[in-house]
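Reviewing the structure listed below.
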There are 2 protein chains.
Amino acid sequence: MEREIIVKKRDAVATRAAILAAAHQRFLRESYDSVGLRDIAGDARVDVALISRYFGGKEGLFRAVVRHDDKPDIFREPKSVDELPAFLAQLVVEDADEDLEKRMEMFVIMLRSASSPKAGAIIRDLVHLDVLGPLSELIGGDQGEFRATMLLSILMGVGVLRTIMMVDGFAPTDDDMAECAERFRCLFAAALTC
Amino acid sequence: MEREIIVKKRDAVATRAAILAAAHQRFLRESYDSVGLRDIAGDARVDVALISRYFGGKEGLFRAVVRHDDKPDIFREPKSVDELPAFLAQLVVEDADEDLEKRMEMFVIMLRSASSPKAGAIIRDLVHLDVLGPLSELIGGDQGEFRATMLLSILMGVGVLRTIMMVDGFAPTDDDMAECAERFRCLFAAALTC
DNA sequence: CGACTAAGTCAACAGGTGTTGATTTATTTC
DNA sequence: GAAATAAATCAACACCTGTTGACTTAGTCG
């Protein structure tokens, strides 16, 4: 009986993508310092050395992860301030829409590794440029930056409690999901008008 | 010329306290995985081995840190729901009161290490028992838990943005600190009534 | 086919991690 | 003062970390 050997075609871009995907999943669940390159390499079924080769090192890999995927360009969409609360509420509550969920993942990755010295610097830049900037610009006014920070605080806080601290106080499981969304819409609106 | 030698008295409880204090400061600024026991030992001017001896290991030390200090018993004080928004706003904005600042430090420590596998478990327990429990009990009602989670989300979010992501959008430096506090009071009140 | 290049493998490195045992030193007790 | 006990030190341990260089293999082009 011959043993079946899986021969993987030699495809640089494919393995690069595999590494990137595996790293995304790992960084989504653990912090930068907790994740080892050998863990990622194992998931991607790839030799460890290839990571340092393709991405220049762990830091480069992390940078590639947070820049590559659907980055949190949530606030780059042409959206008026009026519909912002409802949009954000949907973003927080909604569970079905895969696209929105993908976008929230980037927030989780950022939250998880924000306290690591190396990853933190990368993340801080990303927050200022790609999130806080567009959001405060959208809101506008002299209090735009303040209110943008407030909105982002709520967003981050919900993310922290839910996915990192595993608090299930929001419980969008029941059919009262619409009610939950309405509550968040109200809260976001308050943050804008306070 | 005789070299001055500092002879440290052999005091178990004193060195234990020194280790605890050094660990507190380190965990306040970096994540559980980033901080090394040798860093802490160096700060406390103590041999590394003593840490594992006194606290049973790194995990035990971290547990001692988050349990020992002025734990976030913020919500254990007999406080009515009515004055809760103003109190939380003061907690967020106030910079002078050293006591409140000390209490917020525990939140930062929790946020920093929440994503580390080992420290995360310890923190999650702490959040549920010492923070979320009393807070939702204070608020009461069938929506108490939901609203408690909302309040804590804002609190956590502000902490994340400020001390970890280093976003200075709130800027309580100017004399408009009172205005800033009022904004937060309004936001917390909205979270309670939404 | 043969040469060339790109892709992947292997092993080892240098440095850091938390932890433990044996040892020495100081302090207290008889 | 001598014995006993607690406190602190030292050195080493396995283990894991990211990274690098040399090597082997697969795919391609002439």
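Letters A, B, ... mirror the listed sequences (proteins, then strands); counts begin at 1.
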Could you state the NZ-C1' distance from B:Lys58 to C:dT17, rounded to the nearest angstrom? 8 Å
Between C1' on D:dG18 and CZ on A:Phe55, what's the gap in Å once rounded to a whole number? 15 Å
Check step by step if side chain to side chain contact (heavy atoms under 4.5 Å, CB included) holds for B:Val160 and B:Val167. CA-CA 9 Å; B:Val160 165; B:Val167 172; over 6 Å; no
Start at the 5' end of DNA chain C and walk down; is the nucleotide closest to A:Val46 or to B:Ser34 reached first? A:Val46
Under 4.0 Å between a side-chain N/O of A:Tyr54 and OP1 or OP2 of C:dA7, yes or no? no
Where the side chain of A:Arg10 is defined as all heavy atoms beyond and including C-beta, which of D:dG21, D:dA8, C:dG8 is the nearest nucleotide? C:dG8
So, do B:Leu61 and B:Leu20 sit near enough that their side-chain heavy atoms are less than 4.5 Å apart? yes
Rounded to the nearest angstrom, tell me the gap between atom CG in A:Asp11 and atom P in C:dG8. 7 Å
Please confirm whether the ring centroid of B:Phe170 lies under 6.0 Å from the ring centroid of B:Phe184. yes
Taking the nucleotide of DNA chain D with the closest heavy atom to each, which residue, B:Val13 or B:Ala49, is nearer the 5' end? B:Val13
Write down the distance between CG (B:Leu61) and C1' (C:dG18), rounded to a whole number of angstrom. 12 Å
In whole Å, what is the span from the CZ atom of A:Arg38 to the C1' atom of D:dG18? 7 Å
In whole angstroms, how far is the P atom of D:dT24 from the CZ atom of A:Arg53? 15 Å
For D:dA8 and B:Thr15 - does any side-chain N or O of the residue sit under 4.0 Å from the phosphate oxygens OP1/OP2? yes
For a quick test of reading the model, state the closest non-hydrogen atom pair linking A:Ile51 to A:Leu37 and the distance between them. CD1-O, 3.5 Å
For the residue pair A:Met166 and B:Val127, establish whether any side-chain heavy-atom pair is separated by less than 4.5 Å. no
Regarding the side chain of B:Asp47, the nearest nucleotide among D:dT9, C:dG8, C:dT9 is D:dT9
A:Leu50 CG to D:dT20 C1', straight-line distance once rounded to whole Å: 13 Å
Rounding to an integer number of Å, can you tell me how far A:Lys9 NZ sits from D:dA26 P? 14 Å
